[in-house]
Asks: 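Pasting a structure here, questions to come.
The residues of the chain are indexed from 1 along the displayed sequence. Any value given below was found using the heavy atoms of this structure, including those in side chains, with hydrogens, waters and symmetry copies removed.
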Amino acid sequence: GQQGIRFNIFQLFSTYYGEDARLNIGPKGFTGEKYGGATYWDTEAYCLPMYTAIAGEEVAQNLLKYRWLQIDGAYHNAREQGLPGALYPMVTFTGIECHNEWEITFEEIHRNNAIAYAIYAYTQYTGDRSYLDQYGIDVLLGIARFWAGRVHYCKRTGQYMIHGVTGPNEYENNVNNNWYTNYSCVQCLQSTIECLEMVAHEYPEEYNRIRRSTEFRHAEETARWKEIIEKMYLPEDKERGIFVQDDGYPDKVLGTVNDIPVNERPINQHWSWDRILRSCYIKQSDVLLGLFLYYEHFDRETIRRNFRFYEPRTVHESSLSPFVHAILAAWIGDTEEAYRLFLHSTRLDLDDYNNEVHQGLHVTSMAGSWQIIVRGFAGMKILDGQLDFTPIIPEAWDSYTFKVNFRNCTLQMKVGKQEIKISLLEGYELNIRISEVVYNLKKGKDLIVPKQN
């Protein structure tokens with residue numbers, strides 16, 4: 001695990017360190033030619049948290065600024081679909097969509113929310129409003145306008161719906177009401193309203209620039225967004241206590257991965273495409289991705305029920321999947337499952353699990369292994385603008401240590417079997433919460449906290 005983490009961070013920082021906002025993190029870095037060095041949709045949601053926490057705000061800002069520089073391409077992509085606003089691309093070099101499979105190019109629109117999520121998450125983590133006020137608000141407005149044009153109102157149910165999409169699980173195409181897409185649309189609209197009101201109140205000159213350049217009609221447009229938020233259809237199975245991946249998913253034959261013969265895996269190399277689409281098997285985290293990204297809205301039992309239902313049906317045939325499941329497993333206290341998935345995620349390339357390392361390393365997924373330690377095992381979250389930890393430790397380890405930057409402070413945490421040691425390396429003082437207790441941390445004075453079992 002140690003070797004894997006260091007290997008992954010080295011590869012990421014060799015590939016990208018924010019020197020130029022015109023560049024992004026290539027899916028294979030400089031290690032292989034698959035995907036041609038194009039920018040994919042996932043760098044913000046999966047890599048930005050690590051860069052923000054250990055490389056610093058300037059590096060993270062340049063990663064975000066990349067999308068602002070390509071906003072004209074996003075508006076072009078939306079127009080190609082006959083829709084208003086901005087649709088960020090699945091795959092691009094210039095901001096114009098470069099992917100050519102309709103079920104991904106035109107239907108996998110959830111990628112728009114990864115951009116919006118990243119802007120909001122960066123601002124929440126750092127407390128730095130400079131990117132949001134000068135650049136991010138333009139991006140959020142474009143994305144929100146896209147969603148307002150893409151949803152439709154169903155008179156029969158009195159709800160808004162989103163039909164004809166592909167969710168993060170690419171083993172189902174052209175579905176209606178993918179829960180993750182619908183839910184993240186709601187979150188995007190909500191955060192855009194909040195951010196616009198903040199900018200209007202605190203930076204009126206910047207707000208007037210946005211209003212003039214985009215012909216933004218605040219009262220009218222936000223009233224529609226609020227109606228969509230209030231009336232969005234979010235499919236759920238109340239008997240099972242889970243969110244439903246998309247309309248019709250519970251009607252499938254609901255087997256588990258253990259039902260697939262070992263010699264037929266990975267299924268994308270052994271099954272016909274129509275057979276995959278008819279099956280219940282999930283390529284990568286879908287509903288569970290929503291629970292991971294928007295954790296502040298879900299309690300532990302909700303995460304547990306959804307994890308227990310979807311994890312056994314997930315084949316993890318995307319490198320972006322195991323780390324999300326590992327973090328959720330840690331959050332619900334399933335430490336050994338989290339550790340198993342940690343090893344899979346961390347050593348994916350070193351041990352060539354997918355038998356494809358000759359095509360290049362899985363660079364954009366490498367940040368996930370760092371997230372498993374810090375956000376999974378240590379349980380780091382931002383709640384009410386404060387760092388919050390609920391540390392656990394795998395049986396196989398005696399301790400683990402990491403550093404994070406947070407709002408002009410640098411914090412080091414060592415989690416052992418019996419106690420947690422926290423040091424403030426930079427900054428004067430910082431309040432943090434550990435297992436629901438708030439502590440005041442001062443530079444030069446280590447804090448020792450007994451570990452909760």
Asks: Would you check if there is a donor-acceptor pair between the side chains of Tyr66 and Gln70 at a distance under 3.5 Å?
Replies: yes
Asks: So, His99 versus Glu108: side-chain donor-acceptor pair below 3.5 Å or not?
Replies: no
Asks: Would you tell me whether Ser321 and His316 have side-chain atoms, one donor and one acceptor, within less than 3.5 Å of each other?
Replies: yes
Asks: Return yes when atom CD of Glu236 has more than 12 non-hydrogen atoms of other residues, nucleotides or ligands closer than 6.0 Å, and no otherwise.
Replies: yes
Asks: Decide whether Tyr160 and Asn182 meet the rule of one side-chain donor and one side-chain acceptor closer than 3.5 Å.
Replies: no
Asks: Counting heavy atoms not belonging to Asn408, are there more than 12 under 6.0 Å from its CG?
Replies: no
Asks: Which atom pair, heavy atoms only, marks the closest approach of Ile392 to Ala330?
Replies: CD1-O, 3.6 Å
Asks: Of all heavy-atom pairs between Asn77 and Gly95, which one has the smallest distance, and what is that distance?
Replies: ND2-O, 3.0 Å
Asks: Side-chain contact, heavy-atom cut-off 4.5 Å: Leu387 with Met380?
Replies: yes
Asks: Does a side-chain N-to-carboxylate-O contact under 4.0 Å join Glu221 and Arg224?
Replies: no
Asks: Just say parallel, tilted or perpendicular for the rings of Phe307 and His325, cut-offs at 30° and 60°.
Replies: tilted
Asks: Parallel, tilted or perpendicular: which describes the rings of Tyr135 and Trp68, with under 30° parallel and over 60° perpendicular?
Replies: perpendicular
Asks: Can you tell me if Asn173 uses its side chain to pair, donor with acceptor, with the backbone of Glu103 under 3.5 Å?
Replies: no
Asks: If you draw a 6.0 Å radius around CZ in Phe10, do more than 12 non-hydrogen atoms from other residues or ligands fall strictly inside?
Replies: no
Asks: Any idea how Tyr294 and Tyr183 line up, ring-wise: parallel (<30°), tilted (30 to 60°), or perpendicular (>60°)?
Replies: perpendicular
Asks: Does atom NE2 (His201) have a neighbourhood of more than 12 heavy atoms from anything else shown, all under 6.0 Å?
Replies: no
Asks: I'd like to know if the side chain of His344 reaches the main chain of Arg340, judged simply by a donor and an acceptor atom lying under 3.5 Å from each other, with no hydrogens or angles considered.
Replies: no
Asks: Between the side chains of Asp138 and Arg209, is the shortest nitrogen-to-carboxylate-oxygen separation below 4.0 Å, so that they form an ion pair?
Replies: yes
Asks: Please find the pair of heavy atoms, one from Ala326 and one from Ile372, that lie closest to each other, and give the distance.
Replies: CB-CD1, 3.8 Å
Asks: Shortest non-hydrogen contact from Glu97 to Met90?
Replies: OE1-N, 2.6 Å
Asks: Any carboxylate oxygen within less than 4.0 angstrom of a Lys/Arg side-chain nitrogen, looking at Glu215 and Arg217?
Replies: no
Asks: Ignoring hydrogens and geometry beyond distance, is a side-chain donor-acceptor pair present between Glu57 and Ser130 at under 3.5 Å?
Replies: no
Asks: Indicate the ring-plane relationship of Phe389 and Phe402, choosing parallel, tilted or perpendicular according to the 30° and 60° boundaries.
Replies: tilted
Asks: Apply the ring pair (Phe, Tyr, Trp, His ring centres under 6.0 Å) test between Phe243 and each candidate in Tyr233, Phe309, Phe298; give the one that qualifies.
Replies: Phe298
Asks: For the backbone of Gln134 and the side chain of Tyr203, can you confirm whether one donor and one acceptor N or O come within less than 3.5 Å of each other?
Replies: no
Asks: Any side-chain to backbone donor/acceptor pair from Tyr131 onto Leu64? Under 3.5 Å, distance only.
Replies: yes
Asks: Side chains of Tyr120 and Glu194: do they bring a donor and an acceptor to under 3.5 Å?
Replies: yes
Asks: Between Asp334 and Arg308 (salt bridge meaning N to carboxylate O under 4.0 Å), is one present in this structure?
Replies: yes
Asks: For residues Phe106 and Asn174, determine if any side-chain heavy atom of one lies less than 4.5 Å from a side-chain heavy atom of the other.
Replies: no
Asks: So, the side chain of Asn112 versus the backbone of Ala86: is there a donor-acceptor pair under 3.5 Å, distance only?
Replies: yes
Asks: According to the interplanar angle, ranging from 0 to 90°, do the rings of Tyr249 and Tyr310 count as parallel (below 30°), tilted (30 to 60°) or perpendicular (above 60°)?
Replies: tilted
Asks: Quick check: are there more than 12 heavy atoms from other residues, nucleotides or ligands sitting under 6.0 Å from CZ of Arg6?
Replies: no
Asks: We want to know whether Glu317 and Tyr171 form a side-chain donor-acceptor pair, criterion being a heavy-atom distance below 3.5 angstrom.
Replies: yes
Asks: Less than 4.0 angstrom from a charged side-chain N to a carboxylate O is my criterion; do Lys252 and Glu172 meet it?
Replies: yes
